[in-house]
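In what follows, a single structure is set out as structure tokens and then discussed.
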Amino acid sequence: MQFNSPIQIGLSACLGGDKVRFDKGHKRSNFCMDEFSKHVEFVKFCPEVAIGMPIPRETIRQVRFGDTIKVCRPDGTQDVGPKLTEYGKKIAQTKAKELSGFVFCAKSPSCGMERVKVYNDAGTGATAEGVGAFAAEIMRHNPLLPCEENGRLNDVHLRENFVMRVYVYKSWQELTEQKLSKHKLTEFHAKHKYLLMSHNYEAYRKLGRLLAEVQANTIEQGAGEYILGLMEALRKPASRKAQANTLAHLQGYFKNELSQVEKAEMVEAIDEYRTGLVPLNVPLTLLKHHLRVHPKAYLEQQVYFDPYPHDLKLRFAI
């Protein structure tokens, strides 16, 4: 998959191996640095260091005081929340616009994407309801940006889903660098047809109708509504049932070329995937073989077959 410029991904600096944590440690992500980094450029951020906090430093946490949540020392002093928020807003409105994704450090009071502990002012209990002060601004100002946490990337389904969304979003970013037209939007939608169908068939139909109604004077509005709907539909990992139905649709393109034995083999591979006996890569590899033997221009342009680099091996485990 070729792009005009490198894919840039925001990354909490400690996940890149930088020793920027309060204890001079790091939380290096092996997936990000050893595998994904072969295909993307990581742009590192440590908001706590960026606002002037030293290394090492005292720990900070989110603490609720009435209706206010401070990011401060456990005793409630030295609230750095406003500085983290200001820095997050600055990056969100400048550098983040150039990013195609972001990986945050889980549970961090500055970088946690969700489920950050919020303590009561007495320090006797906590609820997992917070969002890191820096991460909150990045996500609030960039709602289309694919975001994940390092811990969640250990889940093979969430990992595959995140990487897929990064590549779709990068494709969209490059598309919108040009002057948009209804033809370009329709072509983009057509290329992502089966990828979208594998996640949300109703969203595919709805977005198709949306583009059909776009007029020359409503291109920008229509494009905005389209990409918002697309990224939302792709946010949830595809189910085996939906994937199997998509594979069956694709098999239908070869009904006049395959022998009875080949059709039976394809049906069996899809059914074994549907029931969890084999990973997605098994029926997909068989379909790609038939596509090479019986070329079909429409299918060859489908992002579904190769949504990201094959050597990431993401479909070997889902």
Side-chain angles (χ1 to χ4, degrees), residues 8-29 32-33 40-153 162 166:
Q8 293 192 317
I9 307 292
L11 183 73
S12 292
C14 59
L15 302 182
D18 293 8
K19 297 179 179 181
V20 293
R21 286 174 58 78
F22 70 96
D23 58 358
K24 296 194 295 185
H26 63 79
K27 299 191 72 174
R28 187 179 187 276
S29 166
C32 288
M33 304 315 297
V40 305
E41 293 180 356
F42 283 109
V43 183
K44 300 177 185 178
F45 300 91
C46 179
E48 294 176 21
V49 172
I51 64 170
M53 299 182 73
I55 307 170
R57 55 186 176 273
E58 291 191 48
T59 59
I60 57 174
R61 58 171 56 170
Q62 293 194 4
V63 183
R64 181 180 295 282
F65 292 88
D67 295 330
T68 302
I69 294 179
K70 294 183 179 181
V71 186
C72 55
R73 292 178 177 177
D75 64 4
T77 62
Q78 296 194 5
D79 180 16
V80 295
K83 288 185 177 180
L84 289 171
T85 296
E86 181 181 357
Y87 176 69
K89 186 179 297 184
K90 175 184 175 181
I91 297 300
Q93 295 177 336
T94 55
K95 185 61 180 176
K97 301 297 183 182
E98 303 170 7
L99 303 178
S100 301
F102 210 115
V103 181
F104 295 106
C105 182
K107 302 179 181 180
S108 163
S110 57
C111 287
M113 187 175 128
E114 58 184 18
R115 303 184 309 280
V116 174
K117 285 187 177 181
V118 179
Y119 292 81
N120 61 39
D121 56 3
T124 56
T127 58
E129 61 176 309
V131 177
F134 171 76
E137 293 302 309
I138 299 296
M139 295 188 292
R140 183 166 70 88
H141 290 279
N142 301 276
L144 299 176
L145 187 69
C147 295
E148 259 306 348
E149 293 183 328
N150 58 313
R152 284 167 52 90
L153 288 178
F162 172 68
V166 164

Strictly distance-based, threshold 3.5 Å: is any side-chain N or O of [X] a donor or acceptor partner for the main-chain N or O of [Y]?
X	Y	result
Glu48	Met53	no
Asn150	Val103	no
Gln93	His141	no

### Message
With side chain to side chain donor-acceptor pair (under 3.5 Å) as the rule and sequence neighbours excluded, what pairs involving residues 60-72 come up?
### Response
Arg64-Glu129

### Residue list, side chain to side chain donor-acceptor pair (under 3.5 Å) with Ser29, at least two apart or on another chain
none

### Summary
Sequence neighbours excluded, the answer for side chain to side chain contact (heavy atoms under 4.5 Å, CB included) partners of Glu58 is Arg73

### Message
For Ala126, give me all partners under side chain to side chain contact (heavy atoms under 4.5 Å, CB included), at least two apart in sequence or on another chain.
### Response
Lys117, Tyr119

### Query
Are Phe42 and Met33 close enough that some pair of their side-chain heavy atoms sits under 4.5 Å apart?
yes

### Query
Under a 4.5 Å cut-off applied to non-hydrogen side-chain atoms, are Leu153 and Cys32 in contact?
yes

### Query
For residues 75-84, which residue pairs qualify under salt bridge (charged side-chain N to carboxylate O under 4.0 Å, His left out), counting only residues two or more places apart or in two chains?
none

### Message
Counting only heavy atoms from other residues, nucleotides and ligands, does the tally under 6.0 Å from CD of Glu98 exceed 12?
### Response
yes

### Task
Please report the closest heavy-atom contact between Ser12 and Cys105, naming both atoms and the distance.
OG-N, 3.0 Å

## Note on the structure
In terms of heavy-atom contacts, Pro146 and Phe162 come closest through O-CE1, 3.4 Å

### Task
Begin from the C-alpha positions of Leu84 and Ser110 and carry the test side chain to side chain contact (heavy atoms under 4.5 Å, CB included) through to its verdict.
CA-CA 7 Å; Leu84 289 171; Ser110 57; 3.9 Å; yes

Exercise answer: donor-acceptor pairs, residues 16-24 side-chain atoms, under 3.5 Å, sequence neighbours excluded:
from	atom 1	to	atom 2	distance (Å)
Asp18	OD1	Lys44	NZ	3.0
Asp23	OD1	Gly25	N	3.0

### Arg140, Met113, Met139 screened by side-chain contact (heavy atoms from CB on, under 4.5 Å) with Val131, the one that passes
Met139

